[in-house]
Amino acid sequence: MRLRFDHIALFSLAFYTVSFYLPHQANTVGLVLLGLMFALALYLKKLRFSVAKPLLSYVLLFVILAFGLLYTNDLGSGGRVLLKHAPMLLLPFFTQIILLFDRSMLSKLMNLFVAASAVASVICLVAATLHFFENGTVYSATQKDHFVYNHFMHQLLTKPIRLHAVYFALYLNVCGLWVINELVSRDYPRARKALLLIAFVLFAALIFLLKSAVFGILFPLSVSVLLVYSYRNKILGSNRLKGIMALLLVLGILFAGYVTKTKVEAFDFNFKFDDAHLSPLTMRLGLWQSAIDAIKEHWLLGFGTSNGMQVLEEVYREKGFEIALSEGFNAHNMYLQYWLTNGIAALAAFLGIFVALFKSALKHKNLLLGFVLFLFACYSITESTMLRHHGLTFFVFITSIFYWSDKSNAVENTTSS
């Protein structure tokens, strides 16, 4: 059987889609494979190179980070930071190969990611269950009374798949929204609908167990908005649907409230930097205040690519913030992190990514791209999202394929921006 180019291109997209649940090296291999397919498509004239203006925001941020190497104290560390950001320079272009296929390709890729996420979820739950039967407890050997040490929750739950809990929660949020959108927008057979509904319940349960306060709030909120938008005309004329939506709203509030309560523990904004027992909320307040104090010294250009931790550690010592110092915490806010290291230009470029892509989402009525941007923008308030491979590469990849899918016209292999 003759191996066709479009089959290999399809495989490269599919492999990269599931590589987020594979070892880090697999994602790198997937990036190289996508690059080869993109170059080959250009060479064979199956694809015409196109510059998408909204996606150029990623390139601009990369250039600003590269400029920051000129005044960094450690070129080696700065180079590694730049290398980690390389996907934002490459993926917006490599993912153009989705234009080789019709619009259904995005659906196939996302359904594949949903399936991979479901498998990963089951693996986590099975491992936690086996631990319980082997040890007679859901907790670790040294801790007995906090969700962090519960094998059915947070980091211990995702240990079998070697993925940080909050990034897994991000993936499951995107999958959950995709599933709901498929259920309300496509006429699937009953068996397929039942399977999708089971997947949605599984994702909701995992999000609840992963204990991310941000996604615990954003998930029911996003699902509610998506449902109201999809059924807005029917809801107005049906008391039954109004009642159902009211019930779902109450359940969403309870879901968000319980997850937030168990994670945040207490909504107390008063704290002391030398307190050895800060709550997750006050810990972040301390980290943000430390980052802001540092930014005030070099708010225009920042301290240079990769210098963020060195500067923050000095601030932590001055404030007696021993927990942050011993744990090596970053700013836990991507907006502040970019501002700290590369100045106001990096902050503006990062914000520009959301603005440019959101304008594109509005133009093409791409609801899911809008939701992904909303989720990641909010998530970036509490985490330094672009400092981790599983945050940066996923965000760039998912937004890029959502963007290009709007431009797909079967095999015409052309797009405009």
Side-chain angles (χ1 to χ4, degrees), residues 19 23-32 34-36 38-39 55-94 164 167 287-319 321 324-353 376 380 383-397 400:
S19 69
H24 179 80
Q25 295 84 347
N27 194 261
T28 302
V29 171
L31 182 62
V32 172
L34 277 178
L36 289 174
F38 175 63
L55 295 178
L56 286 179
S57 303
Y58 287 120
V59 178
L60 176 60
L61 179 54
F62 184 87
V63 170
I64 292 170
L65 295 177
F67 178 77
L69 292 178
L70 296 176
Y71 53 97
T72 189
N73 292 335
D74 187 347
L75 275 176
S77 296
R80 287 190 290 273
V81 170
L82 200 63
L83 183 62
K84 187 180 292 185
H85 280 75
M88 69 168 51
L89 187 65
L90 304 173
L91 281 174
F93 300 103
F94 292 174
H164 194 289
Y167 291 97
L287 295 173
W288 298 343
Q289 184 60 59
S290 300
I292 291 171
D293 288 348
I295 287 168
K296 290 176 181 177
E297 297 182 26
H298 291 277
W299 66 270
L300 183 59
L301 292 177
F303 290 88
T305 304
S306 88
N307 285 351
M309 278 310 305
Q310 177 184 343
V311 174
L312 283 176
E313 286 174 358
E314 292 177 2
V315 176
Y316 295 158
R317 289 191 185 92
E318 292 174 2
K319 294 180 178 295
F321 200 179
L325 188 60
S326 62
E327 295 292 336
F329 285 140
N330 55 45
H332 272 64
N333 180 302
M334 201 63 239
Y335 306 99
L336 294 178
Q337 191 76 39
Y338 274 140
W339 196 356
L340 174 69
T341 57
N342 295 87
I344 195 72
L347 172 62
F350 187 50
L351 290 170
I353 292 171
F376 205 80
S380 296
E383 297 288 339
S384 292
T385 50
M386 305 291 273
L387 293 188
R388 280 182 177 265
H389 167 79
H390 283 104
L392 185 149
T393 53
F394 178 75
F395 178 60
V396 178
F397 177 70
S400 295

key: Distance (rounded to the nearest 0.5 Å) between Thr385 OG1 and Phe394 CZ   = 12.5 Å
message = To the nearest 0.5 Å, what is the distance between CD on Glu313 and OG on Ser326?
response = 10.5 Å
inquiry  = Rounded at 0.5 Å granularity, tell me how far NE2 in His298 sits from CG in Asn342.
reply    = 13.0 Å
From CH2 (Trp288) to OH (Tyr335), nearest 0.5 Å = 11.5 Å
key: Exercise: do Ser306 and Asp74 side chains pair donor with acceptor under 3.5 Å   = no
Trp299 side chain to Ile344 backbone, donor-acceptor under 3.5 Å = no
ask   = Looking only at heavy atoms, what is the nearest atom pair of Ala346 and Leu61, with distance?
value = O-CD1, 3.8 Å
query = Are side-chain heavy atoms of Ile353 and Tyr58 found at a separation under 4.5 Å?
reply = yes
message = Does Met88 form a side-chain contact (heavy atoms from CB on, under 4.5 Å) with Val59? I'd like the steps, not just the answer.
response = CA-CA 7 Å; Met88 69 168 51; Val59 178; over 6 Å; no
ask   = Between Lys84 and Pro87, what is the shortest heavy-atom contact and its length?
value = O-CD, 3.2 Å
message = Taking the side chain as everything from C-beta on, heavy atoms only, tell me whether Asn73 gets closer than 4.5 Å to Gln310.
response = yes
query = Would the His85 and Phe62 ring centres measure less than 6.0 Å apart?
reply = no
query = Is the backbone of Ser290 close enough, under 3.5 Å, to the side chain of Lys319 for a donor and an acceptor to pair up by distance?
reply = no
key: Inter-residue atom distance Phe329.CZ - Ser384.OG, 0.5 Å rounding   = 11.5 Å
query = Hey, are the side chains of His332 and Asn330 touching, using non-hydrogen atoms and a 4.5 Å cut-off?
reply = yes
task = Apply side-chain contact (heavy atoms from CB on, under 4.5 Å) to Leu69 and Val81, showing your working.
result = CA-CA 10 Å; Leu69 292 178; Val81 170; over 6 Å; no
ask   = So which heavy atom on Ala294 is nearest to which on Leu340, and how close?
value = CB-CD1, 3.6 Å
request  = Check the side chains of Asn333 and Gln337 for a donor-acceptor pair under 3.5 angstrom, ignoring hydrogens and angles.
outcome  = no
task = Check step by step if side-chain contact (heavy atoms from CB on, under 4.5 Å) holds for Glu327 and Tyr316.
result = CA-CA 11 Å; Glu327 295 292 336; Tyr316 295 158; over 6 Å; no
remark   = Closest non-hydrogen contact found for Ala331 with Leu287 is O-CB, 3.8 Å
request  = Run the ring-centre check on His164 versus His390 and record whether the distance is less than 6.0 Å.
outcome  = no
query = Going by atom types only, do Thr72 and Thr305 share a side-chain donor-acceptor pair under 3.5 Å?
reply = no
ask   = Does the side chain of Phe350 reach to within under 4.5 Å of the side chain of Ser57, using non-hydrogen atoms?
value = no
query = Between Leu65 and Tyr338, is any pair of side-chain heavy atoms under 4.5 Å apart?
reply = yes
task = Mind checking the CG-OG1 spacing from Leu90 to Thr393? Nearest 0.5 Å is all I need.
result = 12.0 Å
